[in-house]
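Beneath this line is the structure, given in structure tokens, with notes to follow.
All values reported here derive from a predicted model rather than from experimental measurement.
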Amino acid sequence: MNHHNQTTKKIYFLSFCLAILILINMFNLFPNPFNERNQNNSWDQHDIHKRTAYYNNSASPISIDATVTGIGAHNWIWAASQPWCSGSGTESDPYVIENLKIDAEGSENCIEILNSNEYFVISNCTLYNSASSKAGISLNNVRNGIIICNNCSFNSRGVVLRMGCSDNIFNDNIICDNSFSGIQMFDNNQNNYFVGNKLGNQRTEDQVWGMHIEGCRNNIIFNNTFYNNTQYGLFFLYDSDNNNISQNRLEYNIRSGIYLLQSDENNIFYNEINNIKTIDNYYGIYLQSCNNNEICNNKVNGSSTGIYLMANNALNSIINNEIYNSTRGINIYYQSYQNDVTGNLISYNLNGIILQRDCYENNVYNNQIFHNFDNGMIIDDESNNNLIKANRIYNNNKTGLIVNSSYFNNITENLIYFNQLNGLNLNQSSTNTLYNNFFVNNGLNAEDNGTGNQWYYQGLGNCWSDYEGTDDDGDGIGDQAYVVNGSAGSLDEFPIIDSAPEARFYFNKTVITIDISFQLVYNGTGGNLPFSYYWNFGDGNVSTARDPVHAYAKAGLYTVTLRVVDANLNESVYWIVVKVNSPSALPEFPLEVIIAIILIVGIGLIGLGILLVKKRKTTELNVTRSKAPLITKPKSIKYPKKEVKKKKLVKHLFLEDRKNASLEGEDLTKTESEVELERQRLTCIVHKGPIVGPSYVCPNCDVIYCLNCANELKLKGEICWSCGSKFEL
């Protein structure tokens, strides 16, 4: 193997290795050995394995204190020596207690663990009949436990956590029919996880909870079921803050599904609460003296009150909940202030939303309140300075909105329609401001029996479906005042004229291809705010956004239709046929893939370039001329050495005198016989025929060309066939 071939193979090998390294770094094709331990930890995935063959259906109560020492100390070393325990207490090999059935016979905890930081698992155990104030499983100052697939029923308490338990996981346990509580947790327990447990029928005594939490923070309670508990499904009190309560199911708990007392900054998300209205103080979600909690996306069915802020609650957010079949949907009560009630769906209750007894500076906006059996919303008993904005209050059996003995409320942009008795009723209330509301086809659109209420603001009044005035100047404001019904004799000086909307929209892209998102932008005119938008994209998908974003999965023609309904229920329909093209020939790749391809191709081209430069010096090059056959490079011409007497000096003919400079110092003289011999042998390296007339000699390697071939090669951008230098003609 020659040196050139070796160099070429090295270049290709190094290029290939570099490309592989780039791909490995970008896409992590090989696993990280440092993560292998976590990936292989089956307990993290709550995967249950019967890792021992030991089963005991009549085991005795167990108590383990990790800090005790000495002969006979029941610590983890002692436990590991027992047939019912295995493992070494590390994260990858925890102590495991499993497959036991323990009857405490009314004397002790079934399993008790104290002062432990070791990793351990309690699995597949049946634990019952613990003593009064004792538990099936009791943890005290314990970390790193996994309590999984146990049955802790028919105890005083199913599970108890005391004094600083943290980072424990409770998963898929059955905790039922205990006489005091299913799970009790108190004294600063943090960062514990309760997932997929069933807690029910804790109902032997009057004060019984599914889960009782006191003074505990930062815990996660997720996807559990709480049912048929005498008092509360979930009970938080006294500084139980920053807990996450989500996706739990709470059914038929006698007092409340979720109860918070003096607890702040909790997240209560996506829970489903189904109750039976057996007594008047039965609540879906109950807060008292709580601040900065978020109650979002819950569904509450059948309560005395769906969500109840009982007293002195502030800065809580009640957002996007669905509440139905209750006596009161949402009730904000007694000096509760600066709470936000937004985006909720309140229907088929006796009354929808109530603000009552000195509730102030609350924001109630963008809710849908409909089909309630009495009233949609009530502001009552000196509830002042509240903002009631952009709500849709409709189809309620009595009045849409009632304001009783309340002052300085701002009521604006609400759509109030089809309520059977009144749209809005002001009773013994004064100095409220009402503007830019839309009253459509209520039994009586509005009635003012108060004093000093103002039915317009900054030249803008309300829109009335029964307004009979004119708008001769076309400014959208009626020329005659609207007379509001009621004893106050109020006037709306600037009634809004009803005008129908004209729907229009356009696409933000001129060419639409499949799987590429584009936006549809509304640019209609007319109508009265607020609008409702109903899009149909022609492929089975719909939207209610103002400017939705959409992508088509298949090419073709689609009819996009928009129906717009304004505040006065006027509507307009507009449609456009859109052509969806197939994607371009070049598919879209992630940026890292594109960079990798560019690097690999670039490295390959560099290696190929080096190879071609080297190869050009040693391989033949084919050139096609317009008037000659295929020309190839000849082998080097060797002239015979012959000693003859020098008779006459002859110079080679060069095309330019400056070429002679390159030959200075050389012996350019030859004998006549040498010249004659050279003339006989002088052959062009290109066309392989004798050179007739002027010639060109490469100044770097002395290879001879006829002048025609040299000119032809230079015009084609060629270089000297022997040394690779440029033609200097």
Side-chain angles (χ1 to χ4, degrees), residues 296-297 299 319-324 342-348 352 364-372 376-377 389-396 400 412-419 423 436-442 462-465 476 496-510 512 514-554 556-580:
C296 304
N297 297 101
K299 182 181 289 187
I319 302 174
N320 294 340
N321 300 282
E322 183 178 348
I323 304 172
Y324 54 98
T342 308
N344 299 284
L345 193 65
I346 315 295
S347 62
Y348 297 100
V364 182
Y365 58 97
N366 199 30
N367 301 282
Q368 290 198 52
I369 308 165
F370 62 98
H371 287 300
N372 295 289
M377 185 185 304
K389 181 177 179 180
N391 301 284
R392 298 174 70 100
I393 307 172
Y394 60 96
N395 285 114
N396 298 287
T412 182
E413 297 182 20
N414 299 284
L415 173 57
I416 303 173
Y417 62 96
F418 296 161
N419 298 287
N436 202 22
N437 299 287
F438 299 85
F439 298 94
V440 181
N441 297 335
N442 300 283
N462 302 274
C463 187
W464 308 89
S465 61
I496 300 171
I497 296 298
D498 184 13
S499 64
E502 184 177 359
R504 289 287 185 274
F505 63 88
Y506 65 90
F507 307 121
N508 71 339
K509 290 186 178 181
T510 56
I512 297 174
I514 66 173
D515 296 326
I516 303 298
S517 296
F518 63 96
Q519 188 170 36
L520 299 96
V521 181
Y522 177 76
N523 64 342
T525 59
N528 297 299
L529 293 172
F531 292 153
S532 297
Y533 306 91
Y534 304 94
W535 296 86
N536 188 322
F537 302 113
D539 61 351
N541 293 296
V542 296
S543 174
T544 58
R546 183 185 188 276
D547 301 317
V549 175
H550 188 62
Y552 286 99
K554 295 181 180 180
L557 297 176
Y558 298 90
T559 301
V560 181
T561 304
L562 168 64
R563 182 170 68 94
V564 176
V565 180
D566 75 351
N568 285 9
L569 305 182
N570 299 306
E571 68 176 65
S572 174
V573 178
Y574 183 69
W575 54 270
I576 293 178
V577 176
V578 57
K579 180 181 180 182
V580 180

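- For Leu557 against Val577, the heavy-atom pair with the smallest separation is CB-CG1, 4.3 Å.
- Checked against the 6.0 Å centroid threshold, Phe370 and Tyr394 count as a close aromatic pair.
- In this view, Tyr348 satisfies the side chain to side chain donor-acceptor pair (under 3.5 Å) rule with no residue, not counting sequence neighbours.
- Nearest heavy atom pair, residue Pro501 against residue Asn570, reads CD-CB, 3.6 Å.
- Atom OH of Tyr522 and atom CG of Asp547 lie 10.0 Å apart (nearest 0.5 Å).
- Here the CG atom belonging to Asn321 is positioned 10.0 Å from the CG atom belonging to Leu345, to the nearest 0.5 angstrom.
- In this structure, the side chains of Cys296 and Asn320 stay at 4.5 Å or more apart for every pair of heavy atoms.
- When all heavy atoms are compared, the tightest approach of Ala503 to Val564 is CB-CG2, 3.7 Å.
- Identified under the salt bridge (Lys or Arg N to Asp or Glu O under 4.0 Å) test for residues 562-575, with sequence neighbours left out: Arg563-Glu571.
- Ring-plane geometry between Phe518 and Tyr552 is classed as parallel, the angle between the planes falling under 30 degrees on a 0 to 90 degree scale with a further cut at 60.
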Using a 3.5 Å cut-off and no angle test, enumerate the donor-acceptor pairs between side-chain atoms of residues 536-545 and protein atoms at least two apart in sequence or in another chain.
unit_1 : atom_1 : unit_2 : atom_2 : d
Asn536 : OD1    : Gly538 : N      : 2.9
Asp539 : OD1    : Asn541 : N      : 3.2
Asp539 : OD1    : Asn541 : ND2    : 3.3
Asp539 : OD2    : Asn541 : ND2    : 3.2
Asp539 : OD2    : His550 : NE2    : 2.9
Ser543 : OG     : Ala545 : N      : 3.1

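- With Lys509 contributing its side chain and Ser517 its backbone, the two residues share a donor-acceptor pair below 3.5 Å.
- The salt bridge (Lys or Arg N to Asp or Glu O under 4.0 Å) contacts involving residues 521-532 comprise nothing, where partners must be two or more places apart or lie in separate chains.
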*Would you sort out whether Tyr534 and Leu562 count as a side-chain contact (heavy atoms from CB on, under 4.5 Å), showing the intermediate values?*
CA-CA 6 Å; Tyr534 304 94; Leu562 168 64; 5.7 Å; no
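- Judged as a salt bridge (Lys or Arg N to Asp or Glu O under 4.0 Å), and not counting sequence neighbours, Arg546 has no contacts.
- From His371, atom NE2 reaches atom CZ of Phe418 across 11.0 Å, with rounding to the nearest 0.5 Å.
- Distance check, rounded to the nearest 0.5 Å: CG of Asn414 to CZ of Arg392 gives 11.0 Å.
- Judged by distance alone, with hydrogens and angles left aside, the side-chain atoms of Asn419 form a donor-acceptor pair with the main-chain N or O of Ile393 at under 3.5 Å.
- Closest approach of Asn462 and Asn436 over heavy atoms only: OD1-N, 3.3 Å.
- For Asn372 (side chain) and Asn396 (main-chain N/O), no donor-acceptor pair under 3.5 Å exists by modelled atom type.
- In this structure Asn366 satisfies the side chain to side chain donor-acceptor pair (under 3.5 Å) test with no other residue, sequence neighbours excluded.
- Put simply, CH2 on Trp464 and CG on Asn437 are 8.0 Å apart, with the number rounded to the nearest 0.5 Å.
- Taking 4.5 Å as the limit, some side-chain heavy atom of Val364 sits within range of a side-chain heavy atom of Asn391.
- Atoms CG and OH, on Leu569 and Tyr417 in that order, are 5.5 Å from each other to the nearest 0.5 Å.
- Nearest heavy-atom pair across Gly376 and Ile369 is O-CG2, 3.1 Å.
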*Run the numbers on Tyr574 and Glu502 for side-chain contact (heavy atoms from CB on, under 4.5 Å), then give the verdict.*
CA-CA 8 Å; Tyr574 183 69; Glu502 184 177 359; over 6 Å; no
